[in-house]
Amino acid sequence: MKESYYPQEIEKKWQKVWEDNKAFKTYDDTDKPKYFALSMFPYPSGKLHMGHVRNYTITDVIARYKKMNGFNVLHPIGWDSFGLPAENAAMQHGANPENWTDENIAYMTKQLKMLGLSYDWDREVTTCKPDYYKWTQWLFLQLYKKGLAYKKEAAVNWCDKCATVLANEQVIDGKCWRCDSVVEKKYLSQWFLKITDYAEVLLEDLDKLPGWGDNVKIMQANWIGKSQGALLKFKVKEIPGMEVPVYTTRPDTVYGITYLVVAPEYKDIEKLTTPENKAAVEEYRANARKMTEIERLSTDRVKTGVPLGTHCINPFNGEEFPLWTADYALVEYGTGAVMAVPTHDTRDFDFAKKYNLPKKVVIENPETPSDCKDEAYTEPGVMVNSGEFNGMSNEDAKKAITQKAVDEGFGEFKTQYRLRDWLVSRQRYWGAPIPVVYCEKCGIQPVPEEQLPVLLPKDVDFTVTGKSPITTSKTFVNTTCPCCGGPAKRETDTMDTFVCSSWYYLRYSDAKNANAPFDKKLVNKWLPVDQYVGGIEHAILHLLYSRFFTKALRDLGLLDFDEPFKNLLTQGMVLKDGSKMSKSKGNTVDPDEIFENYGADTARLFILSDSPPARDFDWSDAGVEGCYKFLNRVWRLISSNAKNITMDYKLEFPLRKDNDDLVRNVHIAIKGISNDISNDFQFNTVISKYRELVNAIYDWQGKKGELDNEDKQVVSFAILSLIKLISPVAVHLSEEAWSELGGKTSIHDEEWPKWDENLAKASSITLIVQVNGKLRDKIEADETLSDDELKALALESSKVKEFTDGKTIVKTIVVPKKLVNIVVK
RNA sequence: GCCCUGGUGGCGGAAUCGGUAGACGCGUUGGACUUAAAAUCCAAUUGGGUGUAUAACUCAGUGCCAGUUCAAGUCUGGCCCAGGGCACCA
């Protein structure tokens with residue numbers, strides 16, 4: 001065995017062996033329990049960044065650990081390879097998005113292999129390949145048949161720079177998630193997936209996910225935004241037969257309504273406007289249209305509005321109140337109309353104050369009644385000025401008032417969600433074509449399944465601006481109607497890439513299936529994913545869409561489970577100098593350089609070492625250096641002992657004290673490391689424990705001269721255990737060392753070491769002695785001593801006596817085998 | 001404004017149930033080895049104080065203020081700060 005560590009050479013050597021042997025291929029039929037470990041698959045942007053390295057290393061260590069613990073592990077990888085960057089690159093360089101993508105995949109594949117990741121490459125999936133997107137299209141058609149995909153004209157988010165529409169989930173603070181440009185509203189006819197049908201179950205089933213962090217679950221719950229209230233209908237005084245319905249969560253405040261607001265885009269607004277008010281209303285609406293979403297939704301903007309001239313009648317008390325339009329009412333939520341109660345809603349209060357609209361208190365705290373002159377009263381209280389409901393608590397009144405509305409026919413109980421349907425069409429080339437055609441006679445026609453895939457055309461001009469490159473194809477658009485055989489036009493929109501990524505994890509169970517997206521038996525065998533690892537940025541987007549897909553496909557009978565990801569680990573970001581690594585800041589670290597200078601094992605060790613996986617990780621060059629030194633230290637420990645180590649060692653108890661202590665340290669390490677991995681994958685403390693074990697072996701060795709037979713058995717046990725423990729992280733070093741020491745098979749086929757509970761603790765205990773809760777002495781004691789004996793031992797201590805002399809002992813607390821606290825006065 | 005997460009040495013962080021605060025590492029300082037350097041190894045490293053200064057001892061200390069307890073980084077109440085999410089959602 002060579003004396004010094006030479007990572008570049010051994011890493012290359014073993015990577016080739018593993019590839020040639022298909023060392024990490026997963027077979028479907030074994031008796032072992034299954035374990036599906038999955039990283040969120042990458043977009044092939046060009047090169048791996050450190051966030052990828054962190055993500056894939058975490059999952060790889062988990063996969064390897066589970067394999068050593070007897071699981072049949074599925075650990076695949078693939079490419080989320082449709083999307084705008086490829087198309088933009090093509091436009092800039094006159095290239096083809098497909099070539100650009102293929103080159104990136106080839107390069108990144110090489111990097112993944114250099115990292116020593118244990119993927120089953122036979123299950124690789126690539127969403128931009130026809131053998132994959134055929135099934136994306138097929139699934140779209142199944143959703144269409146079920147009424148879960150539909151086309152409608154709606155106000156949608158438009159990003160001018162990306163020249164496409166966006167889903168609500170892709171608009172962050174009124175800006176495009178990808179390019180940060182301000183998003184506009186446009187009225188367009190677009191394809192939607194009916195995720196709102198699943199709003200309730202998507203919310204409820206969050207409770208079935210104890211293996212997800214609360215932060216993610218809360219974010220999803222907020223996004224779904226369930227609220228319960230009432231739908232109330234108000235007759236319009238001036239227009240017989242016309243009603244304005246409003247949704248409210250505060251039916252208890254109906255007696256306090258003093259006006260009603262409709263959104264500027266409200267569908268009946270023109271009917272509700274009197275001729276005298278028409279000009280002012282038109283002008284107000286025109287201004288509202290001009291505003292960006294950001295301006296419009298800013299909460300610190302002064303609220304504005306204009307009256308329509310008409311009035312509604314409050315069915316509860318017969319009062320009349322005016323109708324206004326104001327842009328603080330949102331057309332997309334509820335009915336687009338709001339009943340305004342300035343006394344008990346802060347927004348209505350602001351508006352009423354500005355326009356001098358009346359206020360009427362209907363809820364009061366009896367102890368501190370407020371006239372609501374200075375601010376709205378939004379706390380619970382007792383009903384006043386509310387007819388038959390006076391004296392009731394406002395919480396009870398919500399129900400009672402709604403019930404009255406139900407009984408008298410002007411309202412109903414209503415549950416409202418903020419979640420909107422998922423807009424999936426994109427006016428771009430590089431995506432899965434939406435498989436429908438438009439026929440003048442027959443209307444929208446799905447492409448027959450046997451004609452799938454609808455292939456992306458190649459005769460495309462990528463340099464066009466203002467329209468999707470796909471529309472420049474001479475061969476794509478014109479087709480025949482599958483229904484009447486007459487001329488028809490293909491849909492030129494492609495699908496949001498998030499559609500492709502909403503089912504890729506299912507495809508891994510049966511990646512090569514040419515007859516179906518996946519076999520039902522196989523998908524039910526491997527799924528749900530046991531451990532999913534990825535960035536928090538997908539807390540809503542990908543994770544919500546995937547949950548929706550899984551439930552929809554279950555309802556289509558394609559699979560039998562209802563949640564795709566049993567456990568979710570959201571890893572923190574990789575930072576450098578306290579801020580996120582980015583090209584624009586110039587603080588990136590190139591993984592290739594790290595592999596070249598230190599090797600993949602160092603990179604893997606370091607990326608796991610300093611922070612727990614869920615927390616942000618600050619990259620430091622000194623830290624990498626430290627990990628490299630540690631691996632050298634491990635290597636030297638092994639190589640300098642190579643001649644003393646036998647694979648078939650035997651420990652014969654009792655051992656001499658120093659040897660017994662080393663064996664104990666090994667068991668303590670096995671136990672600690674196993675527990676840390678089981679407990680939320682705390683790899684940072686796992687690595688501390690590697691170091692402690694290595695230090696312990698060095699210390700032991702430092703006190704020895706020539707090793708006798710017992711020493712050799714003990715050091716064999718210690719070092720071979722160390723190699724196993726470190727093998728999921730230092731995958732190459734451990735393989736090389738194992739092989740050099742005479743291992744017949746791969747270290748990665750070994751079993752995880754087990755600990756003996758009796759040996760996984762120190763041979764004696766350190767008794768902590770406190771006086772009045774303060775540490776005064778530590779005494780080495782035999783662990784068999786009883787509580788009384790420990791107490792006596794503590795009282796004998798001279799240090800304790802200094803603090804107890806001349807005082808009365810009030811009581812003594814003994815924590816068995818650990819601590820004695822003497823309370824004195 | 002609402003919700004979530006966090007706040008521990010110079011730094012990253014550790015600390016099953018409330019029971020030795022600061023594991024492990026980075027950095028720093030001193031030393032050994034060397035002609036020298038690198039590498040390696042050894043030692044010190046929360047702050048203040050007493051001190052025979054290489055010993056030994058002592059007080060304070062986990063964002064702030066209270067509380068519960070024999071005992072609080074850990075539990076309770078009230079604040080402050082940082083990061084993240086949502087936000088005119090009626």
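Here is how names work: the chains are called A, B, and so on, in the same order as the sequence lines, proteins then strands, and each is numbered from 1.
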Quiz prompt | Summary of protein contacts for nucleotides 10-15 of chain B, nucleotide by nucleotide, where a base hit scores B, a sugar-phosphate-only hit scores S (4.0 Å, heavy atoms) | solution = --SSSS
Practice problem: Find which nucleotide of RNA chain B each of R420(A) and K629(A) is nearest to by heavy atoms, and output the residue with the more 5' nucleotide. | Solution: K629(A)
Practice problem: Identify whether NZ of Lys or CZ of Arg in K360(A) sits under 6.0 Å from the centre of the six-membered ring of Y255(A) and within 45° of that ring's axis. | Solution: no
Exercise. Would you mind classifying the nucleic acid contact of D214(A) as base, sugar-phosphate or nothing, using non-hydrogen atoms under 4.0 angstrom?
Key: nothing
Quiz prompt | Rounded distance in Å between the C1' positions of U46(B) and G13(B) | solution = 15 Å
Practice problem: Would you mind classifying the nucleic acid contact of V823(A) as base, sugar-phosphate or nothing, using non-hydrogen atoms under 4.0 angstrom? | Solution: sugar-phosphate
Self-check item: Salt bridge present between R289(A) and E265(A) (N-O < 4.0 angstrom)
Solution: no
Quiz item: If you pin K818(A) and G626(A) to their nearest nucleotides in RNA chain B, which one's is more 5'?
Solution: K818(A)
Quiz item: Is K414(A) touching bases, backbone alone, or none of the nucleic acid, heavy atoms closer than 4.0 Å?
Solution: nothing
Exercise. Let me know which of Y628(A), Y598(A), F617(A) forms a ring-ring contact (aromatic ring centres under 6.0 Å, His included) with F606(A).
Key: F617(A)
Practice problem: Indicate whether OP1 or OP2 belonging to C70(B) is found under 4.0 Å from a side-chain N or O atom of K811(A). | Solution: yes
Quiz item: Which letter, B, S or -, goes with each nucleotide of nucleotides 44-50 of chain B from 5' to 3', with contact meaning a protein heavy atom under 4.0 Å?
Solution: -------
Produce the list of close N/O pairs, under 3.5 Å, pairing protein atoms with atoms of nucleotides 71-75 of chain B; give distances to one decimal.
none

Quiz item: Heavy atoms under 4.0 Å, any strand shown: does A329(A) hit a base, just sugar-phosphate, or nothing?
Solution: base
Show me, pair by pair, the donor-acceptor contacts under 3.5 angstrom made by side chains of residues 209-221 of chain A, not counting sequence neighbours?
from: W212(A); atom 1: NE1; to: F565(A); atom 2: O; distance (Å): 2.7
from: K217(A); atom 1: NZ; to: L209(A); atom 2: O; distance (Å): 2.8
from: Q220(A); atom 1: OE1; to: R547(A); atom 2: NH1; distance (Å): 2.8
from: Q220(A); atom 1: NE2; to: A539(A); atom 2: O; distance (Å): 2.9

Practice problem: Take atom C1' in A14(B) and the same atom in G73(B), then report the distance between them in whole Å. | Solution: 12 Å
Quiz prompt | Presence of K774(A) side-chain N/O under 4.0 Å of C70(B) phosphate oxygens OP1/OP2 | solution = no
Quiz item: L330(A) near the nucleic acid: base, sugar-phosphate alone, or nothing, with a heavy-atom cut-off under 4.0 Å?
Solution: base
Quiz item: Is the number of heavy atoms from other residues, nucleotides or ligands under 6.0 Å of N695(A) CG greater than 12?
Solution: yes
Quiz item: Atom CG of L575(A) and atom P of G84(B): how far apart are they, to the nearest Å?
Solution: 11 Å
Tabulate protein N/O versus nucleotide N/O from nucleotides 30-33 of chain B, keeping only pairs under 3.5 Å, one per line.
none

Quiz item: Do the side-chain N or O atoms of R418(A) get closer than 4.0 angstrom to the phosphate oxygens (OP1, OP2) of A90(B)?
Solution: no
Practice problem: Find the runs of at least 3 consecutive base pairs, i with j, i+1 with j-1 and so on, that include RNA chain B, using Watson-Crick or G-U wobble geometry with both distances under 3.5 Å. | Solution: B:1-7 with B:80-86, B:10-12 with B:24-26, B:27-32 with B:40-45, B:46-50 with B:56-60, B:63-67 with B:75-79
Quiz item: Counting only distance, no hydrogens or angles, is the base of C88(B) paired donor-acceptor with the side chain of K303(A) under 3.5 Å?
Solution: yes
